[in-house]
Structures are given as C-alpha cells and as structure tokens.
Amino acid sequence: MKRTVLVAGRLLLAGFALAAAGHALSQGGTPSGAIPATPAGAPASAASATDVASGEVRRIDREARKITLRHGEIPNLAMPPMTMVFQVSDPALLDRAKVGDKVQFRAEKVEGAYRVVDIVPAP
Ligand SMILES: [Cu+2]
C-alpha cells in the first residue's frame with residue numbers, strides 16, 4: 001500500500017514537470033508516453049487559436065501566483081464568461097499585465113485547478 005502511494009506521488013510530480021516543460025516549449029510535440037494517468041477529461045493539450053480567451057485583469061496576487069480575471073468565454077475549457085481566480089504557470093506572466101488591463105490569455109485545467117499558461121495585452 002505504502003509503495004503504491006509513493007509511486008503515485010512520483011507520477012504526479014513527473015506530470016507537473018512535464019506539463020511545465022511542455023508549455024515552455026510550446027505545444028504540438030508528441031510527448032512520447034508523457035501523459036500520466038490523468039483523471040477523466042483533460043482535453044486541452046493541443047493549443048490553437050480558439051484556445052485564446054479575452055479578459056480584463058481585476059486583481060494580481062504575486063505571492064500566491066494568482067490572477068483574477070473577468071473573462072469571456074473560454075472555448076477549450078467550455079467555460080462561460082465570468083470573473084474568477086486563476087493560478088499562473090509562471091509568475092513572470094504576472095508582469096505582463098496590470099489591474100485594469102484588457103488581455104488575451106490561454107488557460108488550462110491542471111490537476112483540477114485552472115491555470116493561465118499565457119497572457120498578452122489585448123491589441
Ligand atoms: Cu471562469
């Protein structure tokens with residue numbers, strides 16, 4: 001039993017590392033056996049233009065690495081417009097926007113949490 005838990009923990013960590021690496025390299029590669037057993041429905045691995053959502057920055061919490069966005073529809077997450085808090089994959093993303101800015105961003109669901117993986121000022 002103990003051993004199983006340990007292995008599962010390692011897999012989880014490996015999954016995080018791989019996910020981070022995948023985003024850094026931008027998507028599209030074929031991760032060879034890289035997808036760890038994820039709980040049902042983690043569809044968004046292939047990024048496309050339709051993954052981009054628009055929003056407005058309401059709050060930035062650097063310490064917690066979180067950003068609150070009032071966002072439009074997020075097609076790849078099947079999410080309607082709302083205001084909500086996202087984690088960010090990289091705290092440097094928080095330097096790209098200020099409260100009140102209109103932005104375009106990409107978000108994914110990672111281990112049950114919504115995470116912004118890219119953000120740019122809206123044109
Ligand atoms: Cu939302």
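All ligand and atom numbering here is 1-based and tracks the order in the structure.
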Problem - Donor-acceptor under 3.5 Å (Asp51 side chain, Pro75 main chain) - result: no
Completion exercise
Those residues at least two apart in sequence (or on a different chain) that pass side chain to side chain donor-acceptor pair (under 3.5 Å) with Arg70 are Glu56
Exercise for the section: Quick one: pull up OH in Tyr114 and CD in Glu108 and give me the separation to the nearest 0.5 Å. Expected result: 12.0 Å
Practice task
Report the distance from atom NZ of Lys66 to atom CG of Asp61, rounding to the nearest 0.5 Å.
Solution key: 7.5 Å
Practice task
At a cut-off of 2.8 Å, list the protein N/O/S atoms near the Cu ion (ligand 1), residue plus atom name.
Solution key: His71 NE2, Met79 SD, Met82 SD, Met84 SD
Completion exercise
Hits for side chain to side chain contact (heavy atoms under 4.5 Å, CB included) against Ala78, two or more places apart or cross-chain, chain-then-number order -> none
Which side-chain N or O atoms in residues 91-101 pair as donor and acceptor under 3.5 Å with protein atoms at least two apart or in another chain?
| from | atom 1 | to | atom 2 | distance (Å) |
| --- | --- | --- | --- | --- |
| Asp95 | OD1 | Arg62 | NH1 | 2.6 |
| Arg96 | NH1 | Asp118 | OD1 | 2.9 |
| Arg96 | NH1 | Ile119 | O | 2.9 |
| Lys98 | NZ | Asp101 | OD1 | 3.4 |
| Asp101 | OD2 | Lys98 | N | 2.9 |

